[in-house]
Amino acid sequence: MDDENRGWVASEIERKWQAYWDEHGTNSFTDEELRTAENPFYNLMMFPYPSAEGLHVGNIYAFTGADVHGRYQRLRGKDVFEPIGFDAFGIHSENFALKVGRHPMDLIPSNIENFTRQLRRIGGMFDWGHVVDTTHPSYYRWTQWVFLKLFDAGLAERKEAPVNWCPSCMTVLANEQVIGGACERCDTPVEQRRIAQWFFRITDYAQRLLDNLDEIDWSETTTKAQRNWIGRSEGAEIAFPVVPHDELPGDGGSPTSVDPGAVRSVDGARMIRVFTTRPDTLFGATFMVLAPEHPLVDVLTSDAQRATVEAYRAKAAASDLVSRQKTDKTKTGVPTGGYCRNPATGEALPVWIADYVLMDYGTGAIMAVPGHDERDFEFATEFGLPIRRVIADGGEDAGTPLEEAASGDGTLVNSARFDGMSKDRAIRAITEWVGERGLGALRVNFRLHDWCISRQRYWGPPIPIVHCDGCGPVGVPEEQLPVVLPRVEDFKPLDDGISPLARDESWYRTECPTCGADARRETDVSDTFLDSGWYFLRYPNAGFDDRALDPEITGKWLPVDAYIGGNEHAVLHLLYARFLTMVLKDLGHIDFEEPFTQFRAHGLIIRNGAKMSKSKGNVIVPDPIIEEFGADTFRLYLMFLGPFEEGGDYRDEGIEGPRGFLSRVWDSVTCAEERAPDPDVERKLHQTIEQVTGQLADLQYNTSIAAMMEYLNVARAGGRTAARAEVEPLVVMLAPFAPHIAEELWEHLGHAGSIFDSAPWPDFDPEKTREDAVDLAVQVNGKLRGTVRIPAGADQATAEAAARAEENVLRYLNDGEIRRVIHVPDRLLNYVVT
RNA sequence: GCCGGGGUGGUGAAACCGGUAACCACAGGGGACUUAAAAUCCCCCGGGAGCAAUCCCUUGCGGGUUCGAAUCCCGCCCCCGGCACCA
């Protein structure tokens, strides 16, 4: 708006330089250039989902922060490859298409077009020649290729798994779509179903995924989240022999104890296997609990209990996976009527089923030690089961009853010959002791589950498998890729959990690639996380139609040097990407196993102290802001809001600061005089270069900008006109944040070509950063009593002489006797007086 | 409950390795220019007392270590994010 008042017209400059970059290929590489680059630097940001609403300010914040880093590296002499793409498959797009009643194949291209327009407008250094669109057959052809590589290596397998099922919508729901046990759309209570799905065996890589975290330079918060998710725990697997029904007393009572030595592994005998982190408490196990779905439930259940057990199992199956795992509900469960033997005591323990034991963690069965586990304690209290102390922690002895579960450290009691042993020693000793009888071994367990990649949905890449009655599941031969997603007009997920693709008979009917018999295509599509799990590998190879990865180019550019993105992807996306990279390395397609050398999570932008949301109507719409202030000002303001890795609070008025700053830079540069720099200004300049150079490398953008503002205030102090040599380096330092105005000023200063090609990053001379006088704080008993200006590097005698010349200091010194003097050169002098 | 990250002026935030708390901005107040407004420029701006010099208080709360603590230690409170019946 007030362009005529600020000497520069943002929209004109921005249009001019964006056109220049396109014409001159400033930001893009040819495939030949990718091959020959000397200082490759792969600068990556998380590609967006191209929503109909357009770029969100959170996207712009992330991209700008990443772009500043890329431009900085470029000015430091790196050949920076900074690609962008679109993560356009997935439920998000599909649900939106359903909502507006249009087809995603029609919506996505226009969304991408709009995103492209906006991305160009914010002035990112994107390589528009290497764009990736996950929904384009030229991309998902290779996504399917990745699937086949895992399939061929035995890392993709089909197995049954429980899913959330809405009986009203007749569809599978993701956990996030279940609100309080009900479908988020129709409020119908959700139930569990078991259906056959494709899984990637990521658990095979659990230990490696964990170990490598020590080697990579990632935000601490992100690696912590991954460690937590992988969830390694050390413990033991212990087997409890099932007491056969014919050994049970006829009166329905419990069988008697036997000598522990007689409890041993016998071929063919059924065992209940449990995982426990506390094998030291084995003597305290007083009952067993199996998950309702546990396969041994059938054989354990007595005739008398069968009806009760079946009813409980049915109820458990009818509840959804989310509310099943709520911790705050009262424990429920029923006895099966079956028993097994505790290998430590020889006692017969009743076996219960309860939904607090989960089939998909450990072995789906636990030994219940109510004395030393909170959940087991609660369960035992609820059902009147025995609670036995086997750990004492000093104050108590073996006989002290337990008021609550004591899960801490201590010494063993009531544990026969292990009494008196410490918890940690007993873990090993007891496991070895039962191990001698074939009933136990130390074991590591992970919380991580295999990655289910099947989606009974439409908007994704078809899984490249053909089901043949004779040959089973067969991979589609590579030369037949891509398996093109057909245009299905009725893609609403209905029917009975079967993918919409199953409605297109002409598509799914095919012949078996192996035997030629009539066969049927897999009708599920794959998870969006598979698309995003390898896109960074594809960017530099986007120009090749005949191969997924060119070895030479991939070897040169990967792994990614710097990856910036949101921490909402700390676990799934970043873990899957690491897993796929490891697999592709093991299969010989690439020669590195960690995809991102450095990862930094950016913070979130809030507005006026509140989260932005559509319902609150406080969402920042970027286009009008860019319209009014220009991309440079907007970028600069976003980066000035707060520490990049923490985010910031966007306040509309705040943009005035960076706007005024850019105007003053413009004035100072366009009016600069050809003369020698002032020594004081030059000193400040060198200090500023030192600070900005160091801080930009660490993504400390807000303080870098503050330093540049401070410098300009010095260079313009008292209304003085700056010398050219005083402001030219400032233009270069500003270029990563405000690339368009920097280009224009660089040209104004008489340079040819883009500043990013021709400008050297300014050097600072440590000699010239040195102050010759400093303000020394003078304290008496730690309280500031004066400040004296003395030569830099002055010794204590000089400092004291100056300090004692201060009237106010003397006042306090005269009060008592000086006990001690602390002198920190160039900083302070502290008199300790009594 | 567990794991992260935080808590500093009216606001967003600075502060090297423990060394002058509040850089840089926003908002606010005052002034210059202007017929007027906008824009621009200059000055003030944590709280309290005082004409002033200057003094006292102040980094969520309570203790501690230290000549000296926003920073280190112990014990709490609160906010944000993630995980959560994980055996």
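Proteins come first, then strands; the chains are lettered A, B, ... in the order of their sequence lines, and each starts at number 1.
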His449(A) or Glu653(A), whichever maps to the more 5' nucleotide of RNA chain B: Glu653(A)
Closest to side chain of Asn808(A), choosing from G81(B), U54(B), C24(B): U54(B)
The side chain of Phe640(A) lies closest to which of these nucleotides: C67(B), A87(B), G12(B)? G12(B)
Tyr576(A)-Trp451(A) aromatic ring centre distance below 6.0 Å: yes
The side chain of Asn830(A) is closest to which nucleotide in this list: U54(B), A27(B), G19(B)? G19(B)
How would you label the glycosidic angle of G9(B): syn (within 90° of 0) or anti? syn
Check the orientation of Phe529(A) and His569(A). Use parallel for under 30°, tilted for 30 to 60°, and perpendicular for over 60°. perpendicular
Within this structure, what is the CG-to-C1' distance between Leu829(A) and G68(B), rounded to whole angstrom? 13 Å
Is any side-chain N or O of Arg447(A) closer than 4.0 Å to OP1 or OP2 of A87(B)? no
Reckon Arg651(A) has a side-chain N or O less than 4.0 Å from the OP1 or OP2 of U11(B)? no
Just compare C86(B), G19(B), C41(B) and give me whichever is closest to any side-chain atom of Gln779(A). G19(B)
Below 3.5 Å, does any donor atom in the side chain of Arg827(A) face an acceptor in the base of C16(B), or the other way round? yes
Say we look at A14(B) and A70(B): how far apart would their C1' atoms be, to the nearest angstrom? 12 Å
Any chance the rings of Tyr637(A) and Phe629(A) have centres within less than 6.0 Å? no
Syn or anti for C56(B), please, going by whether the chi angle lies within 90° of 0. anti
